[in-house]
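Residue numbering restarts at 1 for every chain, and letters A, B, ... go by the order of the sequence lines. All values reported here derive from a predicted model rather than from experimental measurement.
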Protein chains: 2
Amino acid sequence: MTRAMGVVGGKWKPILIFTIGAKRVRFGQLAHTVNLISRKVLTEQLKELEEDGIVIREAFAELPPRVEYRLSAHGLGLLPILEQLCQWNSARPPAVGAP
Amino acid sequence: MTRAMGVVGGKWKPILIFTIGAKRVRFGQLAHTVNLISRKVLTEQLKELEEDGIVIREAFAELPPRVEYRLSAHGLGLLPILEQLCQWNSARPPAVGAP
DNA sequence: CTGTATCCTGTTAGATACTG
DNA sequence: CAGTATCTAACAGGATACAG
């Protein structure tokens with residue numbers, strides 16, 4: 001459990017997983033879509049997701065360079081769970097101290 | 001999404017939610033079952049979970065004092081999702097750099 | 001028994017500039 | 001275009017002692 005949270009628990013990881021979804025997405029697209037993340041952090045999180053077998057990184061030896069990210073089969077299995085988490089959250093009652 | 005992760009994303013929150021489950025659990029039971037958490041952090045996390053409407057805190061004016069925690073209806077809705085996350089994690093492939 | 005109050009540390013992420 | 005390097009700030013969490 002703790003480990004599962006570590007895998008998806010970074011500040012940006014769930015957002016990145018959603019953004020990649022079932023598509024192939026380039027580094028620049030991610031940086032643009034998730035426009036508040038710094039490139040340094042984006043690189044770090046993607047590297048961790050790759051090490052955890054969630055995303056697959058594919059680099060093309062072109063000019064200009066192109067790198068595509070996509071979810072692995074294991075990573076795709078996460079999508080419906082995160083969607084449920086989203087739905088659960090949107091149905092949540094207002095916070096106690098909310099204005 | 002970011003908000004949902006904030007709600008369940010603490011280091012101990014998912015574990016606490018699981019530990020409470022469908023029961024009423026006393027503070028000391030939680031501290032004992034999750035025996036690596038400090039009381040300070042336990043108090044903090046429970047307070048946040050309470051503010052987010054996940055757990056309900058009930059204090060009894062007895063000696064010695066007794067405080068029971070249980071999941072709200074909203075909190076109970078989280079259990080199956082966390083269970084799925086657990087199952088997903090236990091089916092995960094070995095890490096790339098694993099020994 | 002159930003917390004608070006301090007103090008301290010490691011981790012995480014953001015800003016900025018530079019590279020192949 | 002897709003990163004790295006470096007520095008800094010903020011925060012979460014732990015150790016310990018004390019309180020109602």
Side-chain angles (χ1 to χ4, degrees), chain A residues 1-20 23-52 54-71 96-97, chain B residues 1-20 23-52 54-70 95-97:
Chain A
M1 180 75 253
T2 306
R3 192 161 202 170
M5 290 308 298
V7 168
V8 295
K11 174 169 176 182
W12 297 104
K13 281 179 185 173
I15 294 169
L16 291 176
I17 292 167
F18 263 136
T19 305
I20 298 176
K23 309 182 298 296
R24 293 167 153 268
V25 184
R26 297 183 57 170
F27 182 88
Q29 285 180 269
L30 284 171
H32 178 253
T33 307
V34 189
N35 61 55
L36 288 178
I37 196 174
S38 71
R39 275 178 314 207
K40 178 204 140 203
V41 173
L42 178 54
T43 304
E44 283 170 0
Q45 306 278 291
L46 285 171
K47 196 170 293 180
E48 287 177 23
L49 287 171
E50 192 192 357
E51 282 162 5
D52 286 327
I54 316 282
V55 310
I56 295 170
R57 178 186 185 274
E58 198 168 357
F60 299 86
E62 306 171 350
L63 279 184
R66 173 166 57 110
V67 177
E68 286 182 353
Y69 294 88
R70 62 198 153 93
L71 294 182
V96 171
Chain B
M1 180 75 252
T2 305
R3 191 160 204 172
M5 290 310 297
V7 167
V8 294
K11 175 170 177 180
W12 299 102
K13 282 180 185 174
I15 294 170
L16 291 177
I17 293 168
F18 263 135
T19 305
I20 298 176
K23 309 182 298 296
R24 293 167 153 268
V25 184
R26 296 184 57 169
F27 183 87
Q29 285 180 269
L30 284 171
H32 178 253
T33 306
V34 190
N35 62 54
L36 289 178
I37 194 173
S38 70
R39 276 180 313 224
K40 178 206 140 199
V41 173
L42 178 55
T43 305
E44 284 170 358
Q45 306 278 291
L46 285 171
K47 197 171 292 180
E48 287 177 22
L49 287 171
E50 192 192 357
E51 281 162 5
D52 286 326
I54 316 281
V55 311
I56 295 169
R57 178 185 186 275
E58 196 167 359
F60 299 86
E62 304 172 351
L63 278 183
R66 172 165 59 109
V67 177
E68 286 181 353
Y69 294 89
R70 61 196 153 94
V96 171

**Student:** Check every atom of dT4(D), dG20(D), dA2(D) against the side chain of T43(A) and return the nucleotide holding the closest atom.
**Tutor:** dT4(D)
**Student:** Check every strand shown and say whether K47(B) touches a base, only sugar-phosphate, or nothing at a heavy-atom separation below 4.0 Å.
**Tutor:**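 It contacts sugar-phosphate atoms only.
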**Student:** Here's a test of your reading of the structure: between G9(B) and G28(A), which maps to the more 5' nucleotide of DNA chain D?
**Tutor:**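 Counting from the 5' end, the first nearest nucleotide belongs to G28(A).
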**Student:** Closest heavy-atom contact between P14(A) and M5(B)?
**Tutor:**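 For P14(A) and M5(B), the tightest heavy-atom pair comes out as CG-CG, 3.5 Å.
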**Student:** Return the value, rounded to whole Å, for the distance between atom OH of Y69(A) and atom C1' of dA2(D).
**Tutor:** 8 Å
**Student:** Could you check how far CZ of R66(A) sits from C1' of dA2(D), rounded to whole Å?
**Tutor:** 13 Å
**Student:** In residues 29-41 of chain A, which ones come under 4.0 Å of DNA chain D, going by heavy atoms?
**Tutor:** R39(A), K40(A)
**Student:** With sequence neighbours excluded, what pairs up with T33(B) under the side chain to side chain contact (heavy atoms under 4.5 Å, CB included) test?
**Tutor:**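 With neighbours one apart ignored, the set is T19(B).
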**Student:** R39(B): what forms a salt bridge (charged side-chain N to carboxylate O under 4.0 Å, His left out) with it, not counting sequence neighbours?
**Tutor:** none
**Student:** Rounded to the Å, how far apart are L42(B) CG and dG14(D) P?
**Tutor:**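 Computing the L42(B):CG to dG14(D):P distance gives 11 Å.
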**Student:** Taking all non-hydrogen atoms of both residues, which atom of L30(A) and which atom of L42(A) are closest, and how far apart?
**Tutor:** CB-CD2, 4.1 Å
**Student:** Roughly how far, to the nearest 0.5 Å, is CD of E50(A) from CD of Q45(A)?
**Tutor:**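 If I round to the nearest 0.5 Å, the distance is 13.5 Å.
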**Student:** Measure across V8(A) and I17(A) and return the closest heavy-atom pair with its distance rounded to 0.1 Å.
**Tutor:** CG1-CD1, 4.3 Å
**Student:** State which residues pass side chain to side chain donor-acceptor pair (under 3.5 Å) with R26(B); sequence neighbours excluded, sorted by chain then number.
**Tutor:** none
**Student:** Quantify the bending of the helix from dC1(C)-dG20(D) to dG20(C)-dC1(D) as the angle between its end axes, each fitted on five pairs, to 10°.
**Tutor:**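 Helix axis angle between the two ends: 50°.
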**Student:** To the nearest 0.5 Å, what is the distance between CD1 (I20(B)) and CD1 (I56(B))?
**Tutor:** 10.5 Å
**Student:** Can you list everything that forms a side chain to side chain donor-acceptor pair (under 3.5 Å) with R66(A)? Sequence neighbours excluded, please.
**Tutor:** E62(A), E68(A)
**Student:** Take the protein atom CZ of R26(A) and the nucleotide atom C1' of dG3(D), then report the distance between them rounded to whole Å.
**Tutor:** 13 Å
**Student:** If you walk 5' to 3' along DNA chain C, what is the first nucleotide with an atom under 4.0 Å of a heavy atom in chain A, and what is the last?
**Tutor:**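 Contact span on the strand: dA13(C) to dG20(C).
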**Student:** Listed by chain and number, what are the salt bridge (charged side-chain N to carboxylate O under 4.0 Å, His left out) partners of K47(B), not counting sequence neighbours?
**Tutor:** none
**Student:** Report the residues that fulfil side chain to side chain contact (heavy atoms under 4.5 Å, CB included) with K11(A), sequence neighbours left out, ordered by chain and then residue number.
**Tutor:**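 For K11(A) there are no side chain to side chain contact (heavy atoms under 4.5 Å, CB included) partners, ignoring immediate neighbours.
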**Student:** Using whole Å, what does the distance between atom P of nucleotide dG13(D) and atom CD1 of I15(B) come to?
**Tutor:**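 These atoms are roughly 11 Å apart.
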**Student:** Checking R57(A) now: which residues fulfil salt bridge (charged side-chain N to carboxylate O under 4.0 Å, His left out) with it, not counting sequence neighbours?
**Tutor:**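 None.
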**Student:** Between C1' on dG3(D) and CD on E44(A), what's the gap in Å once rounded to a whole number?
**Tutor:** 12 Å
**Student:** Under the salt bridge (charged side-chain N to carboxylate O under 4.0 Å, His left out) test, which residues partner E48(A), sequence neighbours left out?
**Tutor:** K13(A)
**Student:** Looking at CD1 of I54(B) and CG of L46(B), how far apart are the two atoms once the value is rounded to the nearest 0.5 Å?
**Tutor:**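 These two atoms lie 12.0 Å from each other.
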**Student:** List every contact pair, protein side and nucleotides 8-12 of chain D side both N or O, where the distance is under 3.5 Å.
**Tutor:**
none

